[in-house]
Protein chains: 4
Amino acid sequence: MTATEPAAAAARDRRGELLGTAAEVFAEQGYNATTVRKIADHAGMLAGSLYYHFDSKESMLEEILRTFLDELWDGYDAVLGAALGPRETLEALVTESFREIDRHRAAVAIYQKESKQLVAQERFAFLAESQRRFEKAWLSTLERGVAERAFRADLDVRLTYRFVRDTVWVAASWYRPGGQHSPEEIARQYLSMVLDGIAVRE
Amino acid sequence: MTATEPAAAAARDRRGELLGTAAEVFAEQGYNATTVRKIADHAGMLAGSLYYHFDSKESMLEEILRTFLDELWDGYDAVLGAALGPRETLEALVTESFREIDRHRAAVAIYQKESKQLVAQERFAFLAESQRRFEKAWLSTLERGVAERAFRADLDVRLTYRFVRDTVWVAASWYRPGGQHSPEEIARQYLSMVLDGIAVRE
Amino acid sequence: MTATEPAAAAARDRRGELLGTAAEVFAEQGYNATTVRKIADHAGMLAGSLYYHFDSKESMLEEILRTFLDELWDGYDAVLGAALGPRETLEALVTESFREIDRHRAAVAIYQKESKQLVAQERFAFLAESQRRFEKAWLSTLERGVAERAFRADLDVRLTYRFVRDTVWVAASWYRPGGQHSPEEIARQYLSMVLDGIAVRE
Amino acid sequence: MTATEPAAAAARDRRGELLGTAAEVFAEQGYNATTVRKIADHAGMLAGSLYYHFDSKESMLEEILRTFLDELWDGYDAVLGAALGPRETLEALVTESFREIDRHRAAVAIYQKESKQLVAQERFAFLAESQRRFEKAWLSTLERGVAERAFRADLDVRLTYRFVRDTVWVAASWYRPGGQHSPEEIARQYLSMVLDGIAVRE
DNA sequence: CATGAATGAGGGTTCATTCAT
DNA sequence: AATGAATGAACCCTCATTCAT
């Protein structure tokens with residue numbers, strides 16, 4: 001270890017802190033409505049000072065989303081590589097999603113709200129790539145489930161995909177970490193509704 | 001009929017057209033990212049000309065949302081006043097919601113994306129009022145359903161409320177009117193998933 | 001007399017009315033702060049309609065000021081041509097000025113407030129011409145008065161000119177026609193102060 | 001003394017410079033006709049840069065007028081608190097006024113031209129307050145003077161108040177600091193006219 | 001690392017003016 | 001004569017960004 005490493009680690013931490021602050025403000029006010037000055041206020045510095053740490057407001061957004069998606073895919077890939085049955089896969093994906101919402105609430109909220117406009121930009125092409133992988137993972141799981149009679153035969157798979165996807169991620173808009181339900185508990189209840197429905201079985 | 005009535009009707013139509021155009025652009029690009037010039041471009045006029053018809057960009061947004069909510073509540077009130085059982089009420093509310101998404105897709109999308117920031121403003125306090133009524137209508141329907149054993153006894157009613165609410169309205173982000181499914185058809189499939197779940201019954 | 005003359009007279013009257021309205025608004029709110037729309041509102045018509053009667057906002061201002069100055073000079077020329085002594089000339093000019101304030105209060109107020117900026121424009125060069133004649137008339141009267149020992153020998157004539165000029169015209173800013181003092185009465189009191197001062201003579 | 005004090009002093013100076021520039025342009029062109037860009041041009045910067053120092057064009061105007069009135073009242077209060085006779089008070093007030101015109105020519109000119117419209121606004125209510133105090137100070141001085149036989153018994157005190165007030169302040173429209181007459185010299189001549197009149201005493 | 005001051009590109013809005021009806 | 005709708009230039013202001021200190 002050289003003497004510069006602790007300094008480098010401190011710098012990394014500062015970046016992380018600042019990104020966290022930025023993510024919170026982006027999530028709460030919307031990316032466009034968030035001024036660089038507001039972020040700086042929350043961080044206790046002046047707007048110009050942020051440019052020592054980051055190239056631009058957009059690069060902060062990019063880093064926030066990239067970090068989130070990298071971690072999300074670490075979790076998803078572990079699930080998808082585990083060779084589970086379709087129902088278990090779906091359960092694991094949903095649970096993993098709620099865990100990500102718990103850890104990256106702000107990033108998820110930003111993603112939900114802004115990704116549709118952002119994908120059009122070259123710089124955020126990685127969002128489209130992620131969406132394609134996401135769709136493929138879910139669709140194949142659902143199709144496998146229908147084929148293996150784990151899921152109902154009459155499902156419109158694309159519609160169901162959108163149903164489950166939205167249903168899970170929109171939760172980021174109201175979820176508050178540290179609330180009375182753990183992510184796993186919320187996942188369990190969501191899965192119960194999605195899998196078995198809310199109606200009483202006759 | 002006086003001679004001025006056709007002119008007044010024409011003026012109303014023009015307003016309506018312009019609001020439709022504005023709603024589309026707001027929905028597609030986001031309210032903040034939409035410049036008045038973009039709206040004017042879409043309408044084939046200059047930015048300043050819009051101010052002959054409207055007081056401000058914000059007043060356009062307000063009128064779009066007010067018109068949508070007024071119509072929505074016309075439909076909802078009819079359902080709620082019909083004294084249906086809880087399951088039928090839920091079915092009717094969901095179906096009505098998809099009809100509104102069909103008729104006011106842009107307004108619904110705007111509502112979904114912007115209402116959280118907007119309610120903080122005095123001018124958009126009517127959104128909060130609508131949300132309260134909305135929540136009350138759904139919660140009471142769900143509670144009634146649990147009491148009457150139409151819905152499962154183990155439901156977390158608040159969680160279920162959010163689940164169903166989001167599930168329905170998020171559809172506005174991908175729904176395209178004139179597609180292959182009618183709103184009623186989509187409502188039917190959503191209801192099938194929400195009520196009976198996607199898993200095969202053993 | 002042809003049949004068109006009454007119509008022409010009516011048109012002249014309408015112009016006069018509109019100019020009177022415009023002058024009032026200009027005087028009250030300032031020329032720049034007065035929008036064409038405000039004038040039209042006061043006249044009970046739409047902004048565009050004014051352009052049937054006048055070429056531009058500026059041409060309204062010009063006509064208001066020209067009409068006022070024409071009448072003012074009619075009065076002044078009568079006084080100056082009457083071959084009075086310097087003190088009597090001064091008294092007559094001041095009295096005439098208060099009569100003009102009474103008749104053209106709005107125009108005088110506009111003149112006071114705006115002429116300094118306006119003279120720079122070609123179109124309003126007539127204001128400069130009027131100011132030159134004005135200055136000449138007053139200076140020569142004062143100089144004559146000093147020479148003939150009607151006015152004090154120690155007067156700084158230019159300073160006195162500005163003193164008397166401002167003192168009189170500024171009255172337009174608070175004068176209200178139809179108040180308790182007639183213009184002649186106000187003139188008398190002003191003259192008493194200007195000629196004899198406000199201090200008690202020992 | 002800390003190290004930050006010189007910086008704070010420099011910032012104060014910059015504000016002062018900019019306000020001086022703005023006041024000059026406001027005085028010359030009128031508040032409404034003055035664009036923020038023109039001020040910035042005179043200050044050698046871009047329009048947007050002014051907003052680093054000031055909240056708005058209006059706040060610049062407010063600060064200019066407040067600063068002027070604060071200083072004016074410092075001077076007036078000293079005079080009024082000195083327990084002079086009415087004639088000496090009047091002389092001192094007039095002299096003080098010309099000194100203020102000398103120091104704040106631009107602000108006085110702006111005040112003269114704009115205050116009538118401005119008082120209507122909440123933000124400029126302090127102008128009305130100042131006017132009330134001003135009127136009270138002058139009226140009581142004049143009344144005292146009449147009672148103590150320093151001023152003529154036949155004065156219409158309100159009319160005289162307006163006469164003197166206008167007489168003094170209008171001078172700001174032509175006065176140029178650094179000209180051949182000092183403010184005290186001009187005050188002396190004005191007082192001579194106001195107190196003793198311009199006519200020869202018989 | 002952070003500040004203070006400035007840049008420059010837009011953004012929402014106003015308004016005198018035009019013109020077909 | 002007057003209306004209704006539109007134009008286009010300009011205006012005040014915001015904000016991401018830069019940079020010397």
Side-chain angles (χ1 to χ4, degrees), chain A residues 7 10-11 14-15 18 31-40 43-60, chain B residues 3-4 7-8 10-11 14-15 18 32-40 43-60, chain C residues 7 10-11 14-15 18 31-40 43-60, chain D residues 3-4 7-8 10-11 14-15 18 32-40 43-60:
Chain A
R14 189 82 176 104
R15 272 183 84 84
L18 292 172
Y31 174 72
N32 278 306
T34 298
T35 68
V36 170
R37 188 145 168 220
K38 277 185 205 152
I39 301 173
M45 53 180 14
L46 293 183
S49 309
L50 281 173
Y51 287 81
Y52 177 83
H53 301 277
F54 304 98
D55 284 343
S56 65
K57 184 184 167 188
E58 217 178 46
S59 77
M60 300 179 77
Chain B
T4 62
R14 189 78 176 106
R15 272 183 84 84
L18 292 172
N32 279 307
T34 298
T35 70
V36 167
R37 275 166 181 103
K38 276 185 205 153
I39 301 174
M45 59 185 356
L46 292 178
S49 308
L50 282 172
Y51 288 81
Y52 179 79
H53 301 277
F54 305 98
D55 283 343
S56 64
K57 183 185 168 190
E58 213 178 52
S59 78
M60 300 178 76
Chain C
R14 190 80 176 105
R15 273 185 83 85
L18 292 173
Y31 174 72
N32 278 306
T34 298
T35 69
V36 170
R37 191 148 166 214
K38 275 184 205 153
I39 301 173
M45 53 180 15
L46 293 182
S49 308
L50 280 173
Y51 287 80
Y52 177 82
H53 300 278
F54 304 98
D55 284 343
S56 65
K57 183 184 168 189
E58 216 177 50
S59 77
M60 300 179 75
Chain D
T4 62
R14 191 78 175 106
R15 273 183 84 83
L18 292 172
N32 279 308
T34 298
T35 70
V36 168
R37 227 207 178 99
K38 275 185 206 153
I39 301 174
M45 57 184 359
L46 292 179
S49 308
L50 283 172
Y51 288 82
Y52 178 79
H53 300 278
F54 305 99
D55 283 342
S56 65
K57 183 184 164 188
E58 215 177 52
S59 77
M60 300 178 76

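All values below were derived from every heavy atom in this structure, side-chain atoms included, with hydrogens, water molecules and symmetry-related copies excluded. Since the model is a prediction, treat every value here as computed from it, not as a measurement. Chain naming here is simple, since letters A, B, ... match the order of the sequence lines and numbering starts at 1 in each.
The shortest heavy-atom contact between D:M60 and D:L50 is CE-CD2, 4.4 Å. Residues A:A47 and A:R37 share a closest heavy-atom pair of CB-CA, 4.0 Å. For the pair C:A33 and D:N32, the tightest heavy-atom approach, listed with the atom from each and the gap, is CB-ND2, 3.6 Å.
Rounding to the nearest 0.5 Å gives a distance of 10.5 Å between CE of B:M45 and OH of B:Y52.
OP1 or OP2 of F:dA2 has at least one side-chain nitrogen or oxygen of C:H53 nearer than 4.0 Å. Side-chain nitrogen and oxygen atoms of B:R14 include at least one within less than 4.0 Å of the OP1 or OP2 phosphate oxygen of F:dA6.
Residue-to-nucleotide proximity on DNA chain E shows that, of D:Y52 and D:G44, the 5′-proximal contact is made by D:Y52.
With sequence neighbours excluded, the residues that form a side-chain contact (heavy atoms from CB on, under 4.5 Å) with D:S59 are D:F54, D:D55, D:S56, D:R123.
To the nearest angstrom, P of F:dA6 lies 13 Å from CZ of B:R15. Going from atom CE of A:M45 over to atom C1' of E:dA2 covers 7 Å, rounded to whole Å. When the P atom of F:dA1 is taken as reference, atom CG of C:L50 falls 13 Å away, rounded to whole Å. The separation between B:L46 atom CG and E:dG11 atom C1' is 15 Å, rounded to whole Å.
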Note to self: As a check on the pairing definition, encode DNA chain E in dot-bracket form, counting Watson-Crick and G-U wobble pairs whose two distances are under 3.5 Å, and using | for partners outside this strand.
What the structure shows: .||||||||||||||||||||

Checklist line | side chain to side chain contact (heavy atoms under 4.5 Å, CB included) evaluation trace for B:L18 with B:R15 | finding: CA-CA 5 Å; B:L18 292 172; B:R15 272 183 84 84; 5.9 Å; no

Notebook entry, point to check: Base, backbone or nothing for each nucleotide of nucleotides 13-21 of chain E, written B, S, -, heavy atoms under 4.0 angstrom, 5' to 3'?
Noted result: BBSSBB---

